[in-house]
Student: 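After the structure tokens below, expect a handful of questions from me.
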Amino acid sequence: MTTIAVRTQEPEQQTPSRLRSAGRQFGVVWSNTKARIGIIILAVFVLVAILAPLLAPYGASQNGFARSEDATWAHWMGTTAAGEDVLSQLIYGARISVMVGAVAGILSTLVAVAIGLSWGYVRGWIAEVIGFIVNLFLVIPGLPLMIVIAAYLQNGGIAVIIAVIVVTGWAWGARVLRSQTQSLRGRDFVTAAQFSGESAPRIVFREILPNMTSLIVGSFFGAATSAILAEAGLEFLGLGDSSIVSWGTILYWAQNSNALLTGQWILLFAPGLCIALLAMSLTLINFGVDAVSNPRLREGARPKRKEATA
């Protein structure tokens, strides 16, 4: 009976420990000035995306206004060539970029984790087959491949764009995770788990995976950044769904209406700046994530001075 009581208390004891560990790691990230700025910028964009119906003065596709109008009190950033409010479209467009970055980043990271850890742990012909597939995706240029796939599956909606980004964006993360898995494979705790009869999937995902948290989080932010830029690029090229309102489609329609020639530079500058700021925020957060796995990168850390020798 005593043994059973101890076992039932183990999860309760582990949960606060994990929460404290997560809190310490977030504290390390927050202590980094660059990461703190990135978190604040990202939080602003997420709030704008969530509260878009409350913040936008008009509907995303409401087009009953004067066409190609300059900034006024009624339309702070003017109107498009189709008579739509630019500020409202900019606010609603944050939803697509934030959603694509989150979903595509998570899916790409999951694929990279599953393949990278398996590739780093197994040996023999299975590892060679996985290595051939990963190297094949690494050799093929990502942007041309995305353009070809998106053009073939054109007008498939935002889901097709996410699928294209995931298919073309997991390989680099898998290779990085494979290298770290090979490094951890020879550690004592992995050897002990092998001798105790643990199965390979349990060793990989219960013993090795928890020691790669910061690397996986960094891989997610990198994948999310690439996804945001790729989505905007595909929409700008007209390979996405032009009926949705996103920063990429704003750029696409601005180009089609010759916004620069008509003096409406805000149609190109505003969404481009938002895309750059959102991608930059994820990159800045990555500096703090790197500090979690590498204490030498933490702000305030000082290298130990060598003692002077006589």
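The first residue of the sequence shown is numbered 1, and numbering continues consecutively from there. Remember, predicted model here, so these are calculated numbers, not experimental data.
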Student: What residues join Leu47 in its hydrophobic cluster, counting side-chain heavy atom gaps under 4.5 Å, either direct or through other members?
Tutor: none
Student: Pro271 and Ile266: which non-hydrogen atoms are nearest, and at how many Å?
Tutor: CD-O, 3.7 Å
Student: If only atom types and distance count, is the side chain of Thr79 paired as donor or acceptor with the main-chain N or O of Gly83 below 3.5 Å?
Tutor: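 No, Thr79 side chain to Gly83 backbone: no donor-acceptor pair under 3.5 Å.
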Student: Under the ring pair (Phe, Tyr, Trp, His ring centres under 6.0 Å) rule, what pairs show up with a residue in residues 231-254, not counting sequence neighbours?
Tutor: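 Counting only pairs at least two positions apart or across chains, the ring pair (Phe, Tyr, Trp, His ring centres under 6.0 Å) contacts touching residues 231-254 are Phe45-Trp247.
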Student: Between atom OG of Ser88 and atom CE of Met77, what is the distance when rounded to the nearest 0.5 Å?
Tutor: 10.0 Å
Student: Output yes when a side-chain donor or acceptor of Ser183 lies under 3.5 Å from a complementary backbone atom of Ser179, and no otherwise.
Tutor: no
Student: When rounded to the nearest 0.5 angstrom, what distance separates CG in Leu239 from CD in Glu231?
Tutor: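 Going from the CG atom of Leu239 to the CD atom of Glu231 covers 11.5 Å.
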Student: Using modelled atom types only, decide if a donor and an acceptor are shared between the side chain of Gln180 and the backbone of Asn211 within a distance under 3.5 Å.
Tutor: no
Student: Mind checking what makes side-chain contact (heavy atoms from CB on, under 4.5 Å) contact with Glu207, not counting sequence neighbours?
Tutor: Phe189, Ala193, Ile203
Student: Same cluster or not: Val44 versus Leu54, using hydrophobic residues (I, L, V, M, F, W, Y) connected whenever any side-chain heavy atoms lie under 4.5 Å apart?
Tutor: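 Yes, because Val44 and Leu54 connect within a single hydrophobic cluster, where side-chain heavy atoms sit under 4.5 Å apart.
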Student: Rounded to the nearest 0.5 Å, what separates atom CD in Gln194 from atom CZ in Arg202?
Tutor: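 It is 14.0 Å, given to the nearest 0.5 Å.
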Student: Just wondering, do Leu42 and Ile39 contact through their side chains at under 4.5 Å, heavy atoms?
Tutor: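 When only atoms from C-beta onward are counted, Leu42 and Ile39 do not touch, as no gap falls below 4.5 Å.
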Student: Restricting to pairs with a member in residues 108-142, which pass ring pair (Phe, Tyr, Trp, His ring centres under 6.0 Å), not counting sequence neighbours?
Tutor: Phe137-Trp170
Student: To the nearest 0.5 Å, how far apart are CG in Leu268 and CG in Leu273?
Tutor: 12.5 Å
Student: Check for me, please, whether Leu229 and Val148 land in the same ILVMFWY cluster - side-chain distances under 4.5 Å, paths through other members count.
Tutor: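 Leu229 does not cluster with Val148.
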Student: Are Leu136 and Met146 connected, step by step, through hydrophobic side chains (Ile, Leu, Val, Met, Phe, Trp, Tyr) whose heavy atoms are closer than 4.5 Å?
Tutor: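 Yes, it is one cluster - the side chains of Leu136 and Met146 are joined through contacts under 4.5 Å.
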Student: Under 3.5 Å, sequence neighbours excluded: what are the donor-acceptor pairs made by side chains of residues 217-224?
Tutor:
none

Student: Under the ring-ring contact (aromatic ring centres under 6.0 Å, His included) rule, collect the residues that match up with Phe269, sequence neighbours excluded.
Tutor: Trp265
Student: Would you give the length of the straight line joining atom CG of Asn258 to atom CG of Leu267, rounded to the nearest 0.5 angstrom?
Tutor: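 Here the rounded value is 11.5 Å.
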Student: In terms of hydrophobic clusters joined by side-chain contacts under 4.5 Å, are Val245 and Ile162 together?
Tutor: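 The answer is no; the residues belong to distinct hydrophobic clusters.
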Student: Which residues pass the side-chain contact (heavy atoms from CB on, under 4.5 Å) test with Thr72, sequence neighbours left out?
Tutor: Glu69, Ala74, His75
Student: Indicate every side-chain donor-acceptor pair of residues 95-118 with a distance under 3.5 Å to a residue at least two apart or in another chain.
Tutor:
residue	atom	partner	partner atom	Å
Arg95	NE	Ala49	O	2.8
Ser108	OG	Ala104	O	2.8
Thr109	OG1	Gly105	O	2.6
Ser118	OG	Ala114	O	2.7

Student: Which value, rounded to the nearest 0.5 Å, describes the distance between Ile37 atom CD1 and Phe287 atom CZ?
Tutor: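 Ile37 atom CD1 to Phe287 atom CZ measures 11.0 Å (nearest 0.5 Å).
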Student: What heavy-atom pair brings Ala171 and Val134 nearest, and what distance separates the two atoms?
Tutor: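 Nearest pair, atom of Ala171 first, then Val134: O-CG1, 3.8 Å.
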Student: Is any side-chain heavy atom of Asn286 less than 4.5 Å from a side-chain heavy atom of Thr225?
Tutor: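 No, their side chains stay 4.5 Å or more apart.
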Student: Evaluate the side-chain proximity of Pro53 to Tyr92: yes if any heavy-atom separation is below 4.5 Å, no if none is.
Tutor: yes
Student: With sequence neighbours excluded, what pairs up with Ser226 under the side-chain contact (heavy atoms from CB on, under 4.5 Å) test?
Tutor: none
Student: Could you pull out all residues at least two apart from Glu128 that satisfy salt bridge (charged side-chain N to carboxylate O under 4.0 Å, His left out)?
Tutor: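 Salt bridge (charged side-chain N to carboxylate O under 4.0 Å, His left out) list for Glu128, sorted by chain: empty.
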Student: Cluster partners of Phe65, using ILVMFWY side-chain heavy atoms under 4.5 angstrom, listed by chain and number?
Tutor: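 Tyr58, which link up through side-chain heavy atoms under 4.5 Å apart, make up the rest of the cluster.
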Student: Main chain of Ile244, side chain of Thr249: is a donor-acceptor contact present, judged purely on distance under 3.5 Å?
Tutor: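 Judged by distance alone, yes, a pair lies under 3.5 Å.
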Student: Contact between Leu284 and Met280 at the side-chain level, heavy atoms closer than 4.5 Å - yes or no?
Tutor: yes
Student: Which residue, Leu251, Ile161, Ile250, forms the side chain to side chain contact (heavy atoms under 4.5 Å, CB included) with Glu235?
Tutor: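 So, applying the side chain to side chain contact (heavy atoms under 4.5 Å, CB included) to Glu235 and each of Leu251, Ile161, Ile250, only Ile161 qualifies.
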Student: Are side-chain heavy atoms of Gln264 and Thr80 found at a separation under 4.5 Å?
Tutor: no
Student: Where the side chain of Trp76 meets the backbone of Trp73, is there a donor-acceptor pair that is under 3.5 Å apart?
Tutor: yes
Student: Please list, chain by chain and in numerical order, all residues satisfying side-chain contact (heavy atoms from CB on, under 4.5 Å) with Ser243, sequence neighbours excluded.
Tutor: Asp241
Student: Quick one, Met212 and Thr181 - any side-chain contact, counting heavy atoms below 4.5 Å?
Tutor: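 The answer is yes; the side chains approach within 4.5 Å.
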Student: Heavy atoms only: give me the nearest Gly78-Asp85 pair and the separation to one decimal.
Tutor: O-OD1, 3.8 Å
